[in-house]
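Numbering of ligands and ligand atoms starts at 1, following listing order.
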Amino acid sequence: MQIAIDGPAGAGKSSIAKIVAQKLGLEYIDSGAIYRALAKKMLDSNIKIEDYASIKNAMENISIELINGDVFINGVNFTPFIRSSEVTAVVSPFSAQTEVRRKVNFFLNSYSENKSVIMDGRDIGSVVFPNADYKFYLDASVEERARRRLAEIQYSASLDEIKESISKRDYNDEHREVGALKRVEDAIYIDTTEMSMEEVVDKILFNIKK
Ligand code: DC
């Protein structure tokens, strides 16, 4: 079984996907974590995000592994370092590059082969799993998504800062030429703005059981 969950930053995709995965005995795959790990690897290697040629070259020579949910790049676990504001600031323009998306999509497809998975991201229902058994699009207002993010980072920034960063990322994710965030027709749309996590999980499970 393949379940695709797409939606903008901070819509609660990963928390919800993890719970659904546990309830249905599926493996949860966080595709954003892979983009983040690769972006962090570029930063560590002093490769600029706009240096397309070096990034293309790096993508051809990099290995990605997923072990117990952690992302390993060239054998090193990057998961502890991928949620920093430094990575968040560059990951969206980085992930807009064709070579990067090709690399990640190839990995995601080969890793998921013959597995029952739930994967979240931006282009899962449209590009990675166009034939997924179930597709969901989770949304929420920018205000609410910023509030959730703020709580997650324990109020270490202002609401306006977070709102600006989320809006910028939404814009980039929605307007790139490849793998743009979009609501595919066969995805079930859930506006989570005024819903609790349990309500969203129940709605997803209800649709699957139906
Ligand atoms: O899900 P996230 O916020 O951790 O994702 C980080 C970035 O990675 C997001 O801004 C865009 C990119 N991304 C993507 O382009 N395609 C995906 N399937 C998942 C993430």
Side-chain angles (χ1 to χ4, degrees), residues 2-18 20-21 27-43 49 52 55 59 64 66 69-71 73 78-112 117-130 132 135-140 142 144-153 157 162-184 187 192 200:
Q2 289 178 334
I3 303 179
I5 302 203
D6 290 301
K13 301 182 298 291
S14 60
S15 317
I16 283 154
K18 271 184 211 159
V20 174
E27 179 169 342
Y28 163 61
I29 302 172
D30 175 357
S31 68
I34 302 184
Y35 286 101
R36 286 174 176 274
L38 289 173
K40 174 68 174 148
K41 174 71 184 166
M42 296 303 100
L43 293 172
I49 298 306
Y52 304 125
I55 288 182
M59 290 305 119
I64 307 171
L66 205 49
D70 282 356
V71 187
I73 304 294
F78 270 67
T79 296
F81 316 110
I82 60 175
R83 307 271 160 211
S84 67
S85 51
E86 176 200 36
V87 173
T88 303
V90 299
V91 66
S92 186
F94 169 73
S95 68
Q97 298 180 36
T98 310
E99 305 303 329
V100 175
R101 304 204 73 80
R102 188 175 298 149
K103 177 85 186 177
V104 175
N105 288 346
F106 180 79
F107 171 76
L108 293 173
N109 277 301
S110 26
Y111 182 84
S112 316
V117 300
I118 178 165
M119 188 183 293
D120 78 332
R122 304 294 187 285
D123 63 340
I124 310 306
S126 56
V127 178
V128 182
F129 293 158
K135 298 180 186 180
F136 296 92
Y137 188 98
L138 301 191
D139 207 353
V142 179
E144 176 60 19
R145 289 187 284 130
R147 256 187 252 124
R148 293 176 189 168
R149 241 323 112 82
L150 197 60
E152 233 173 61
I153 61 165
I162 309 276
K163 251 165 78 177
E164 197 192 319
S165 141
I166 285 185
S167 304
K168 212 160 131 188
R169 211 138 64 87
D170 283 353
Y171 185 87
N172 280 329
D173 291 346
E174 285 163 10
H175 291 87
R176 62 179 169 231
E177 278 167 30
V178 281
L181 167 65
K182 65 165 175 258
R183 228 174 107 179
V184 287
T192 72
V200 182

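- Using a 4.0 Å cut-off between heavy atoms, R83 contacts ligand 1 through its side chain alone, with no backbone atom that close.
- Every atom of ligand 1 is numbered from 1 in the order shown, and the set under 4.0 Å from a heavy atom of I124 is 18 (N).
- In this structure, F78 and F81 have perpendicular ring planes: the angle between them is above 60°, well past the 30° mark.
- No donor-acceptor pair under 3.5 Å is formed between the side chain of R101 and the backbone N or O of A96.
- For ligand 1, the atoms sitting less than 4.0 Å from at least one non-hydrogen atom of V91 are 6 (C), 7 (C), 8 (O), numbered in the order shown with element in parentheses.
- Annotation for ligand 1: atoms under 4.0 Å from non-hydrogen atoms of G121 are 17 (C), 18 (N), 19 (C).
- A donor-acceptor pair under 3.5 Å is absent between the side-chain atoms of D6 and the main chain of Y137, judged by distance alone.
- Of the N or O atoms in D120, none lie within a sub-3.5 Å distance of an N or O in ligand 1.
- Of the protein's non-hydrogen atoms, S31 OG, 3.3 Å is the one closest to atom 19 (C) of ligand 1.
- Here's the thing with R176: one of its N/O atoms is less than 3.5 angstrom from an N/O atom of ligand 1.
- Formation of a donor-acceptor pair under 3.5 Å by the K135 side chain with backbone atoms of P130 is found in this model.
- For ligand 1, the polar-atom distance check against D173 finds a nitrogen or oxygen pair separated by under 3.5 Å.
- Side chains of F94 and V100 form a contact here, defined as non-hydrogen atoms less than 4.5 Å apart.
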Evaluation steps, side-chain contact (heavy atoms from CB on, under 4.5 Å), between L138 and D120:
CA-CA 10 Å; L138 301 191; D120 78 332; over 6 Å; no
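- For R169, every heavy-atom contact with ligand 1 shorter than 4.0 Å involves the side chain, none the backbone.
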Decide yes or no on salt bridge (Lys or Arg N to Asp or Glu O under 4.0 Å) for R148 and E144, but give the supporting numbers first.
CA-CA 6 Å; R148 293 176 189 168; E144 176 60 19; 3.1 Å; yes
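- Heavy-atom contacts of S95 reach the following atoms of ligand 1: 11 (C), 12 (C), 15 (O) (cutoff under 4.0 Å).
- In this structure, the side chain of K40 does not engage the main chain of V91 through any donor-acceptor pair within 3.5 Å.
- Across P8, G32, S126, heavy-atom proximity to atom 5 (O) of ligand 1 is greatest for G32.
- Protein heavy atom closest to atom 16 (N) of ligand 1, with residue, atom name and distance, is R101 NH2, 3.0 Å.
- Considering backbone and side-chain atoms together, R36 places an N or O closer than 3.5 Å to an N or O of ligand 1.
- Distance CD1/I3 to OH/Y28: 13.0 Å, rounded to 0.5 Å.
- Atoms CG and CD1, from D173 and I166 in turn, are 11.0 Å apart once rounded to the nearest 0.5 Å.
- Counting only heavy atoms of the protein, atom 2 (P) of ligand 1 lies nearest to R122 NH2, 3.7 Å.
- Of the protein's non-hydrogen atoms, Y35 CD1, 3.6 Å is the one closest to atom 13 (N) of ligand 1.
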